[in-house]
There are 2 protein chains.
Amino acid sequence: MRHEETRQQILRAAWEQMRVEGVASLSLRALARTVGMEPQSLYSYFESKYAIYDALFAEASTEFLERLRAAAAEGDGNADPIEGVRRRAHVWVRFCTEDPVRYQLLFQRTIPGFEPSEASYAIARETLADARRMLARAGLGTDRHLDMYTAVLAGLVAQQLANDPGGRRYVRHLDEVLDMYLDHMNKQRKGR
Amino acid sequence: MRHEETRQQILRAAWEQMRVEGVASLSLRALARTVGMEPQSLYSYFESKYAIYDALFAEASTEFLERLRAAAAEGDGNADPIEGVRRRAHVWVRFCTEDPVRYQLLFQRTIPGFEPSEASYAIARETLADARRMLARAGLGTDRHLDMYTAVLAGLVAQQLANDPGGRRYVRHLDEVLDMYLDHMNKQRKGR
DNA sequence: GTCTATATTTGGATAGAC
DNA sequence: GTCTATCCAAATATAGAC
């Protein structure tokens, strides 16, 4: 389909423009000029600017889900659940830090007026459901385990993007943070 | 001074507008109408829209610094450094979560084209310098200690704001996260 | 599907009278 | 300091010819 190809081309150009101008500064005019059309012609592919944001959101969520699942499947699969927790954390942190604009679109609600559609958001929820199952296999099956796990990862990511974008100042501590988290939860268990 | 009063009134209205419309949607027109002026008259108080953002940034940074210092001074002061670390963490997390818009302006770089001035940013750097000194008094004086401390706090804040704004789902684990952090660092020290 | 033409709104900013 | 008048650029979106 020619239509689908052009659609993909528009989305690629949209990512590019957001990386240069900022997520909130996506402009249909500039976007159209980049792909060689008049701005009005974009409406043959997307019914509004927010439909473009939504398509980008869905695309990014899908890639996140796939990369996490690929990480879980690689190696011995379910052999060592703790190793799965660690491997997944690395993929998570890498995905979030390698593209700040994608992170902002997916995880921060900073675009005025944009909310992902139910269909797009459902994809994002799946990644969290996966994480919950994976932690449960490692004996960390409560909300508390999940929330603290995502919080320590989110913290490294947030600080890395805010204070040292493109660097390693915070994420280099990921393995130590995982040790800290796992030791703590392990000790809690023994304490009972 | 009448001038200063009006200036403050404009800044108050700007916070209000950002809370309703989003940080990036601050509009000089709407702002002027709110305070009962023509949009052009704002230029008697601020030389540009970014000058308004910068004044807001400086105001918020100053309040953050003052609240952290007040927390450090209260109680016995330097009696128990670890207690200071904890108390400061609570103030930090509360400040960040009680006003998402202020958090976005201060800690996320999401407004296209806006960078705080050197003078405003210097205030923000002071808070970090304070944190470093406070950790050092508690025997946690390295960059690694500081970065992991700010990361775990930032993680709770980021998740709280993104997934449960106005709630307590993540921040309720603050004391446990602090236990986890302090235990881990303590154990590291003994290990040597 | 793509264009021209156009509508409509909004944005930030300046000049100059008072 | 505040206003009127104005500029200029940009935004999203629609109508209709081809």
Side-chain angles (χ1 to χ4, degrees), chain A residues 1-57 101 104-105 109-117 120, chain B residues 1-57 101 104-105 109-117 120:
Chain A
M1 226 47 160
R2 183 69 183 280
H3 185 85
E4 187 53 29
E5 264 178 44
T6 307
R7 216 183 118 97
Q8 292 303 321
Q9 188 191 353
I10 291 167
L11 294 179
R12 273 198 304 275
W15 282 121
E16 187 57 34
Q17 192 189 322
M18 293 196 311
R19 286 189 193 105
V20 175
E21 302 292 332
V23 174
S25 297
L26 182 65
S27 147
L28 297 188
R29 293 192 168 202
L31 181 55
R33 295 285 148 72
T34 303
V35 299
M37 327 181 146
E38 294 303 311
Q40 301 88 329
S41 302
L42 290 176
Y43 288 85
S44 299
Y45 299 93
F46 299 95
E47 67 178 1
S48 75
K49 183 184 177 176
Y50 294 122
I52 297 180
Y53 278 131
D54 196 57
L56 297 172
F57 185 95
V101 156
Q104 194 181 333
L105 179 65
R109 285 299 136 70
T110 174
I111 303 170
F114 171 62
E115 290 258 338
S117 65
S120 298
Chain B
M1 228 44 162
R2 184 68 183 279
H3 184 84
E4 187 53 29
E5 265 179 44
T6 308
R7 216 182 119 99
Q8 292 303 320
Q9 188 192 353
I10 292 167
L11 294 179
R12 273 197 305 274
W15 283 119
E16 188 59 32
Q17 191 187 324
M18 294 196 311
R19 286 189 192 104
V20 175
E21 303 291 332
V23 174
S25 296
L26 183 64
S27 148
L28 296 188
R29 295 192 169 204
L31 181 55
R33 295 285 147 74
T34 301
V35 298
M37 316 180 156
E38 294 303 310
Q40 301 88 330
S41 302
L42 290 176
Y43 288 86
S44 298
Y45 299 93
F46 298 96
E47 67 180 2
S48 76
K49 183 184 178 175
Y50 293 121
I52 296 180
Y53 278 130
D54 196 58
L56 297 172
F57 184 96
V101 156
Q104 194 182 332
L105 178 66
R109 284 299 134 72
T110 173
I111 302 170
F114 170 65
E115 290 258 337
S117 64
S120 299

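First the proteins, then the strands, lettered A, B, ... as listed; each starts at 1. Since this is a predicted model, take the numbers as computed values, not measurements.
Extent of DNA chain D lying under 4.0 Å from chain A heavy atoms, first and last nucleotide in 5' to 3' order, is D:dA11 to D:dT14.
Around atom CD of A:Glu4, more than 12 heavy atoms belonging to other residues, nucleotides or ligands sit under 6.0 Å away.
For the atom pair OG1 (A:Thr6) and CE (A:Met37), the distance works out to 5.5 Å, reported to the nearest 0.5 Å. A distance of 7.0 Å separates CZ of B:Arg33 from CZ of B:Arg29, quoted to the nearest 0.5 Å. In this structure, A:Leu56 CG and A:Ile111 CD1 are separated by 8.5 Å, a value rounded to the nearest 0.5 Å.
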Practice problem: Encode nucleotides 4-15 of chain C as B, S and - characters from 5' to 3', where the letter depends on protein heavy atoms closer than 4.0 Å: B to the base, S only to sugar-phosphate, - to neither. | Solution: BBB----BBBB-
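Using a 4.5 Å cut-off on side-chain heavy atoms (C-beta onward), B:Phe46 and B:Leu28 make no contact.
Taking the six-membered ring where tryptophan is involved, the planes of A:Phe114 and A:Tyr53 are tilted, since the angle between them lies from 30° to 60°.
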Exercise. Could you walk me through whether A:Val23 and B:Thr110 pass the side chain to side chain contact (heavy atoms under 4.5 Å, CB included) test, one step at a time?
Key: CA-CA 8 Å; A:Val23 174; B:Thr110 173; over 6 Å; no
